[in-house]
Amino acid sequence: MRLQSVKYIFDETVKTVKRFPLATAFCAAAAAERFYMLNRASGRDSLIPVQSLIIGAVLFYVIKLFSENIPAPSRIKPWHINLAGAVFMALLYYYSSSLINLDYAILYTQCLSAALLSATFAGFIANGGGDGLPMWHFTRRLATRCFVSAIYTAVLFAGISLAFKSVTLLFSVKISYKIYTDVWIFAAFIFWPIHFMNATPRAGDLKNEAQIYPLWIKLFTQSMLIPLSGLYFIILYVYLGKILITCQWPSGLVGNLTVSASLLCLLTFLLLYPATMEDGNGWIKTYSRIFCAAALPLILMLFMSLYKRIAQYGLTEPRYLTVMLGLWLAGIFLYFILSKNPDIKKVPVSLSALLILSTVGPWSARSLSLHSQRARLACLLSENGMLANRKAVKASVEPDKEKEKQLSATLDYIIKTHGPDKLALYFPSDMPAIKNYSAREKTQTQTQDFTNFLGIEYIGKWGIKNRRPVFLEADKSGVDIKGYDKAVRFSAVSRAAGFSADNGTYEVLSSGKAGLLEIKRGRNKVCETDIKNILETAKKENGDLQSVPQEKLCSSYEDKNVSLKICFDRINVNFNKNDIPEFGSGSGLLLIREKNR
């Protein structure tokens, strides 16, 4: 068997680009954006542009699949659909650019999931009608190709990386670590999409093409997925029995387990769908109806669990999506139970439509969760005497720690998910946290501004009574590097974080003593840095602000062998009841000058 020539690979690449030009262009733009963002000298990295470009690549891939199957005599032209897609992407980017990262992550997941689901049926919905068998084989081939392309991509990246590493070891050539990042960007954003799209079948060809149902899928489903589905259902039914006997509300964990088991049941049915059309496989439809009926009481238990959580803590985007998914699963299972010949195209079409509807309008996940959390905040403020004329006021009596923690958590959620400007409904609009709000900066300090206004203590998610968290971040003023030979980045937590510096290895780690960090070279301790002094120096200059001059977050050490200067970019510390700092995490630069070289 002869090897494929370079010309063949080039021709196939050109063919793929010609068939999917806009999808390829968006992939190339995403790669260029990553190249630029990861190789620039400074500045914060935002994932919003690359995530939007990824959605655009999938969207125009779907549009092409749809356009290829538009009936010939039609007023709708391919360029009409491409124009609509471009307008949608412009609106999506404009909308998402005003959101902070966490909020956009939810929106990104919704849009990307809807686009990926649309790829399964886009080529079969233009003409309508027909059974779902061609769509099933189309989806199977896409999934198989996706897996194969991932393996090719991993091998390509590993092979090129090993080649660079070999050059480094054999010829003592220093190669920047950024080259490995660049190789991965090329492999993930250019090679993988083209390799995947190259094998995309034309939906029209599958409608008249005889397809063979892979035996391994049937064996895998029968021997693995069906027993596992049964096992999970038995466990959940035993738990349901416990709830009925003890008259206790189900825990929050049961929601995720119920959704997972129900999706596994649905996946099992979909994988066996072609076998239902074969003689002698009538048991599959019976099995499907039994499992669908068995899933309905479990979904009811899911709603009971969600009701308890929402009543206690309000609606959030994840809970909204879980409710939506539960309703969709109940509807799909009822459809499979009542329909004699269910059409599997309704599965991705209905879920994709729901995901799109949940992103826009007053009924969207964002709108309803914000309304719910602001209502919960108003209720907490009112219960603790901190609400007058629908405006927040300072507490006359300090609430207990549990109430402070609930208020802190609610403020945290609104600020980090929707932005502090959404709190202007209850707080003065001229507050610095609202007036100087930046959509790219969401920190614990912003929440502390609001708790300080209320006269209560901020207690984080993992906060403990009598502990005061402090987060400091250096500004962009920089540090004095005069007299040092090299600068090495470090990231330290409670355990050691080591890195190489020429002929030795320096480590920055917690010393085990309250308020002290240790700098080691090899097994030898070089010095200890008192981070309490750093924090106190910073506070003298800036009060309790989050951003301080970086020079104030530095500590120096010198002996006859080495001069060191540790400069934090950011540091997270908890002060205990004795006001002693306990190191949590930190990152920055270690400046080094070795005197005996």
Side-chain angles (χ1 to χ4, degrees), residues 117-125 127-144 203 206-238 240 257-303 324-354:
L117 285 168
S118 300
T120 63
F121 62 80
F124 303 91
I125 204 167
N127 292 312
D131 59 64
L133 195 57
M135 189 198 78
W136 189 95
H137 285 289
F138 179 82
T139 305
R140 172 184 63 82
R141 289 174 65 170
L142 286 187
T144 303
L206 290 176
K207 294 176 181 177
N208 301 316
E209 181 180 327
Q211 298 290 336
I212 300 175
Y213 179 49
L215 181 61
W216 70 267
I217 293 181
K218 185 176 181 181
L219 294 175
F220 173 74
T221 306
Q222 290 179 359
S223 62
M224 294 294 292
L225 297 188
I226 290 179
L228 285 175
S229 298
L231 176 62
Y232 294 150
F233 273 42
I234 290 172
I235 293 172
L236 289 170
Y237 263 98
V238 171
L240 178 59
L257 294 176
T258 302
V259 170
S260 300
S262 300
L263 289 175
L264 182 62
C265 172
L266 180 60
L267 175 64
T268 302
F269 170 74
L270 294 176
L271 289 176
L272 289 173
Y273 176 76
T276 60
M277 300 183 180
E278 300 175 357
D279 295 334
N281 286 329
W283 66 270
I284 296 178
K285 290 185 178 181
T286 303
Y287 153 81
S288 301
R289 287 191 171 91
I290 291 174
F291 265 78
C292 289
L296 294 177
L298 299 180
I299 293 177
L300 179 60
M301 181 172 64
L302 163 68
F303 290 137
M324 184 192 75
L325 192 57
L327 291 172
W328 174 78
L329 284 168
I332 287 294
F333 287 149
L334 285 172
Y335 169 69
F336 284 149
I337 292 170
L338 300 176
S339 176
K340 292 183 178 180
N341 296 299
D343 182 5
I344 63 170
K345 288 200 293 289
K346 289 182 171 58
V347 174
V349 170
S350 59
L351 184 55
S352 179
L354 283 176

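This one's a predicted model, so the numbers in the text were calculated from it and none came from an experiment. Residue numbers run from 1 in the order of the sequence given.
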Look at the side chain of [X] and the backbone N and O of [Y], then say whether any donor-acceptor pair between them is shorter than 3.5 Å.
{"X": "T276", "Y": "Y273", "value": "yes"}
{"X": "Y237", "Y": "P297", "value": "no"}
{"X": "S339", "Y": "F336", "value": "no"}

Yes or no on side-chain contact (heavy atoms from CB on, under 4.5 Å) for Y335 and S350, after CA distance, side-chain angles and deciding distance?
CA-CA 12 Å; Y335 169 69; S350 59; over 6 Å; no
Of the non-hydrogen atoms in [X] and [Y], which two are nearest, and what is the gap between them?
{"X": "K285", "Y": "N341", "result": "NZ-OD1, 3.5 Å"}
{"X": "I299", "Y": "G326", "result": "CG2-O, 3.7 Å"}
{"X": "L133", "Y": "P274", "result": "CD1-CB, 3.7 Å"}
{"X": "F124", "Y": "K345", "result": "CB-CD, 4.4 Å"}
{"X": "S262", "Y": "L329", "result": "CB-CD1, 3.7 Å"}
{"X": "F291", "Y": "I226", "result": "CZ-O, 4.4 Å"}

Quick one: are [X] and [Y] in side-chain contact, heavy atoms under 4.5 Å?
{"X": "L228", "Y": "T268", "answer": "no"}
{"X": "L272", "Y": "L225", "answer": "no"}
{"X": "F269", "Y": "F333", "answer": "no"}
{"X": "L236", "Y": "L240", "answer": "no"}
{"X": "W136", "Y": "R140", "answer": "yes"}

What's the verdict on side-chain contact (heavy atoms from CB on, under 4.5 Å) for F233 and L264, showing C-alpha distance, side-chain angles and the deciding distance?
CA-CA 10 Å; F233 273 42; L264 182 62; over 6 Å; no
To the nearest 0.5 Å, what is the distance between [atom1] on [X] and [atom2] on [Y]?
{"X": "I332", "Y": "L325", "atom1": "CD1", "atom2": "CG", "result": "10.5 Å"}
{"X": "T221", "Y": "L270", "atom1": "OG1", "atom2": "CG", "result": "10.0 Å"}
{"X": "S260", "Y": "L267", "atom1": "OG", "atom2": "CG", "result": "12.0 Å"}

Determine whether more than 12 heavy atoms belonging to other residues, nucleotides or ligands lie under 6.0 Å from atom OH of Y232.
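No.
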Would you please say whether a donor-acceptor pair under 3.5 Å links the side chains of T139 and T120?
no
